[in-house]
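Each remark here refers to the structure printed beneath this line.
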Amino acid sequence: MYRTHHCNELTINHINQQVTLAGWVQRIRKLGAITFIDLRDRYGITQLAFYEDADKETFDQANQLGREFVIQATGTVRERASKNPNLPTGDIEVVPHRLTVLNPSKVPPFTIEDETDGGEELRMKYRYLDLRRSPLKNNLLHRYRVGMEVRKYLDSLGFVDIETPFLIKSTPEGARDFVVPSRMHPGHFYALPQSPQTFKQLLMVAGFDRYYQIVRCFRDEDLRADRQPEFTQIDCEMAFVEQEDILQTFEGLLRHLLREIKGIDTGPFPRISYHDAMRLYGSDKPDIRFGMQFIDLTRSAKGSEFKVFEEAELILAINAEKCAHFTRKQIDQLAEYVKRPQIGASGLAWIKWDENGLKSSFDKFFTPEKLTHLAHTAGMQQGDLLLIMAGPAGKTRKALHELRMHLGQTLGLRNPDQFAPLWVLDFPLLEWDEETRRWHAMHHPFTAPKPEDIHLLDSDPGSVRANAYDLVLNGNEIGGGSIRIFDKALQNKMFKLLGFSEEKAREQFGFLMNAFEYGAPPHGGIAFGFDRLVALLGGQETIRDFIAFPKNNSGRDLMIDAPSYIDDQQLHELHITLKYAQ
RNA sequence: GGUCCGGUCGUUCAGUUGGUUAGGAUGCCGCCCUGUCACGGCGGAGAUCGCGGGUUCGAGUCCCGUCCGGACCGCCA
């Protein structure tokens, strides 16, 4: 046995006991005739004290150690002469009489401290060292805890964890697939699942009723701070349910997590339709920790010589309460922000109401009476700053959404300790893709249209609403799902709308269509982005720090250096010839 | 596919109008130090300024290209 206790265990109650500890050398403090060593393991830190007078040999040994050496120390627990209240073990220290170096260490390339001096790239390359640091270590422990609570909750409701395959078939819908060449079938490829979607539906046909899986999914798209090419979903499906059953069940899941992990009870989640979310927030994942809902001024702002307003399809405003003190420079900076190419607004108009009365960026076009009327229509109070954007509807909503989020951030309204979940309901079933000039499934091709909208499928597909829902937390989509089509005829109709020939549909999804001929129950489900959920519950929006071995911005694993070339023999076996020389 | 930011001792940052012995902090090494816990004090070593070209009497600094990293847009049913 390498140790009798771990490094966060010993207290005043262990005084005079003989103990053996093992761990990493965190820090060495040499004071002349005393040397202190902070010994670290997963659980915490215990101070070792070496005295030249008492035990010269062990003292000399201790002075040979370096940072991150793995050592084993046997000695006596003593009460400290000067205690450290910041440490759970701060009342005691261990005075070793025997010291063993289990393994020496090179000097690490960055300091293993809570606030490390290492940059991102280096820490990714030496991820196993970065994970020794408390913040990262705690993130992974937090992730484990969230996962356990998910399992506890779902298990208590009779959900069954069933594994689904990773080597499956490529499908044209959705994201780009990661693809795996088949050695035994020349020219054939597996694809890694973007999600276990069809399999969980087949499990419903199989009668499993309530399925879940915390499962890896793969999408070959560009990365973001909150997006990795492989990521984890809490994937769920239920049979014999309506939308309301699913909302209740998974609202329960998030409430359970918030209660168990954060000690917060949010009460029932608000619900909003997709239509209203876009109207009031310009986003299908609004952050409702703060107000600043959109105000439609399209009618009331018209009727002047101000061309920007006159020619606009839509005029929207947000009221930044108590921001009338913003300087001209600050407002210009906001305008610059929305004019960045990523947002692409053409400008920003404003009305300021301070102690000197109303002032606007379009004063020369508006009479004072008209300006006053507009300010009142927008619900302004003295001290407020109204920010107005005008232009094509879609673009204006999007840009004002960005401005709202930016303001929320800079005004400190996006408090990571506050949790404001909501359901967004009634998503459109389809969206028109200008590029391919065809309809796309907004959620996925198996999503059921609302029964009352089915008659519009032929005449006005764009206005058909789906039984689809997203769970949004603090401006992040953390889960989404739908009631599925379980009727073969309707599913065929959907495929047709999406531009699949009958032959193509059978080739891609024939297995599902076949299954639907053998008694498919009504069913529906939801999937949560586990990494995102874990990060949000941890008070952050970057998922990378909650994944043990993540990929970098360009999809590389800097530690193992993947992806990489493979040798010709492997290529040969896989019947692959490279078009470009390495 | 595109936009923006960055790359300087092990690490992290500074480096002014182009002329510096390329600087600080931290880490590392050595000496001193009996109560530290971000210990302290003194001293020392440590840099092809990402790479390739160009402008110039002279480039870390300006220009072009390229590679790498980060953030974002497109993309992500």
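Each chain gets a letter, A, B and so on, in the order its sequence line appears, and its residues count up from 1.
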Quiz prompt | Ring-face cation of A:Arg216 near A:Phe218 (centre distance under 6.0 Å, axis angle within 45°) | solution = no

Quiz item: Taking NZ, NE, NH1 and NH2 as the nitrogens, is one of them in A:Lys493 or A:Asp458 under 4.0 Å from a carboxylate oxygen of the other?
Solution: yes

Quiz prompt | A:Pro109 side-chain proximity, nearest of B:C72, B:U36, B:G10 | solution = B:G10

Quiz item: Which base sits across from B:G52 as a Watson-Crick or G-U pair, both distances under 3.5 Å?
Solution: B:C64

Quiz item: Is there a side-chain polar atom (N or O) of A:Ser554 under 4.0 Å from OP1 or OP2 of B:G69?
Solution: yes

Quiz prompt | P-based separation of B:C49 from B:G44 [nearest Å] | solution = 24 Å

Quiz prompt | Between A:Tyr211 and A:Asp235, a side-chain donor and acceptor under 3.5 Å | solution = yes

Exercise. Give one of base, sugar-phosphate or nothing for A:Ala49, where a contact means two heavy atoms less than 4.0 Å apart.
Key: nothing

Quiz item: Charged N to carboxylate O below 4.0 Å: is that the case for A:Glu93 and A:Arg78?
Solution: no

Practice problem: Could you tell me whether the phosphate oxygens of B:A71, OP1 or OP2, come under 4.0 Å of any side-chain nitrogen or oxygen in A:Asn553? | Solution: yes

Exercise. Report the base-pairing partner of B:C33 (Watson-Crick or G-U wobble, both distances below 3.5 angstrom), or none.
Key: none

Quiz prompt | No-H, no-angle donor-acceptor pair, A:Arg227 side chain to B:C75 base, under 3.5 Å | solution = yes

Quiz prompt | For B:A22, the Watson-Crick or wobble partner whose two distances fall under 3.5 Å | solution = none

Exercise. Pick the C1' atom in B:U8 and in B:U61, then give their distance to the nearest Å.
Key: 11 Å

Self-check item: Integer angstrom distance from the C1' of B:G10 to that of B:C28
Solution: 8 Å

Quiz item: Is it the case that more than 12 heavy atoms not belonging to A:Lys169 sit under 6.0 Å from its NZ atom?
Solution: yes

Practice problem: Inspect the contact between A:Glu541 and A:Arg224 and indicate whether a charged nitrogen and a carboxylate oxygen are less than 4.0 angstrom apart. | Solution: no

Quiz item: Hey, does A:Arg78 reach any base, or is it just sugar-phosphate, or nothing, if we go heavy atoms under 4.0 Å?
Solution: nothing

Practice problem: Using a 4.0 Å heavy-atom cut-off across all strands, classify A:Asn552 as base, sugar-phosphate, or nothing. | Solution: sugar-phosphate

Quiz prompt | Of the listed nucleotides B:G69, B:U36, B:C28, the one nearest the side chain of A:Arg67 | solution = B:C28

Quiz prompt | Nearest-Å distance once atom C1' is located in both B:U26 and B:C72 | solution = 32 Å

Quiz prompt | Pair partner, B:C28 [Watson-Crick or wobble, under 3.5 Å] | solution = B:G44

Quiz prompt | Rounded distance in Å - CZ (A:Arg556) to P (B:C68) | solution = 8 Å

Quiz item: If you measure from the P atom in B:G6 to the same atom in B:A25, how many Å do you get, rounded?
Solution: 25 Å

Quiz item: Do A:Gln197 and A:Gln201 get their side chains close enough for a donor-acceptor pair, meaning under 3.5 Å?
Solution: yes

Quiz item: With a non-hydrogen cut-off below 4.0 angstrom, is A:Ile343 in contact with a base, only sugar-phosphate, or nothing?
Solution: nothing

Quiz item: Quantified in whole Å, what is the P atom distance between nucleotide B:A14 and nucleotide B:G24?
Solution: 16 Å

Quiz item: Looking for any heavy atom pair under 4.0 Å, which part of the strands does A:Phe36 touch: base, sugar-phosphate only, or nothing?
Solution: base

Quiz item: Do any side-chain nitrogens or oxygens of A:Arg29 fall under 4.0 Å of OP1 or OP2 in B:U36?
Solution: no

Quiz item: Any side-chain N or O of A:Lys398 less than 4.0 Å from the OP1 or OP2 oxygen of B:G74?
Solution: yes

Exercise. For the side chain of A:Glu121, starting at C-beta, report the closest nucleotide among B:G70, B:C76, B:C68.
Key: B:C68

Quiz item: If pairing requires Watson-Crick or G-U wobble contacts with both distances under 3.5 Å, which nucleotide is the partner of B:G74?
Solution: none

Quiz prompt | Between B:G74 (C1') and A:Asp433 (CG): distance, integer Å | solution = 12 Å

Exercise. Would you kindly check whether a donor in the side chain of A:Arg219 faces an acceptor in the base of B:C76, or vice versa, at under 3.5 angstrom?
Key: no

Practice problem: Rounded to whole angstrom, note down the P distance from B:G27 over to B:G41. | Solution: 11 Å

Quiz item: If we take the P atom in both B:G52 and B:C67, what is their distance in whole Å?
Solution: 15 Å

Quiz item: Across the strands shown, which category fits A:Arg224 at heavy-atom distances under 4.0 angstrom: base, sugar-phosphate, nothing?
Solution: base

Quiz item: With distance as the sole criterion, is a donor-acceptor pair present between the side chains of A:Gln194 and A:Arg219 under 3.5 Å?
Solution: no

Quiz item: So which nucleotide from B:A38, B:G35, B:C33 ends up closest to the side chain of A:Arg27?
Solution: B:A38

Quiz item: With a 4.0 Å cut-off on heavy atoms, is A:Glu93 in touch with a base, just the backbone sugar-phosphate, or nothing at all?
Solution: base

Quiz prompt | B:G69 - base-pair partner by Watson-Crick or wobble geometry, distances under 3.5 Å | solution = B:C5

Quiz item: Checking all strands, does A:Gln47 fall into the base, sugar-phosphate, or nothing category for heavy-atom contacts under 4.0 angstrom?
Solution: base

Quiz prompt | Residue A:Glu221, side-chain heavy atoms: nucleotide from B:G70, B:C76, B:G74 that is nearest | solution = B:C76

Exercise. Using only heavy-atom distances, determine whether the side chains of A:Ser463 and A:Asp460 contain a donor-acceptor pair under 3.5 Å.
Key: yes

Quiz item: To the side chain of A:Arg340, which of B:C37, B:G35, B:C72 is closest?
Solution: B:C72

Exercise. Classify the nucleic acid contact of A:Ala175 as base, sugar-phosphate or nothing, counting any heavy atom under 4.0 Å across all strands shown.
Key: sugar-phosphate

Quiz item: Using a cut-off of 4.0 Å on non-hydrogen atoms, how would the nucleic acid contact of A:Gly66 be classed: base, sugar-phosphate, or nothing?
Solution: nothing

Practice problem: Find the distance A:Arg133:CZ to B:A38:P and express it as a whole number of Å. | Solution: 17 Å

Quiz item: Counting side-chain heavy atoms from C-beta on, which of B:G35, B:C28, B:U11 comes nearest to A:Leu122?
Solution: B:U11

Practice problem: Scan A:Arg123 against the nucleic acid and name what it touches under 4.0 Å (heavy atoms): base, sugar-phosphate only, or nothing. | Solution: nothing

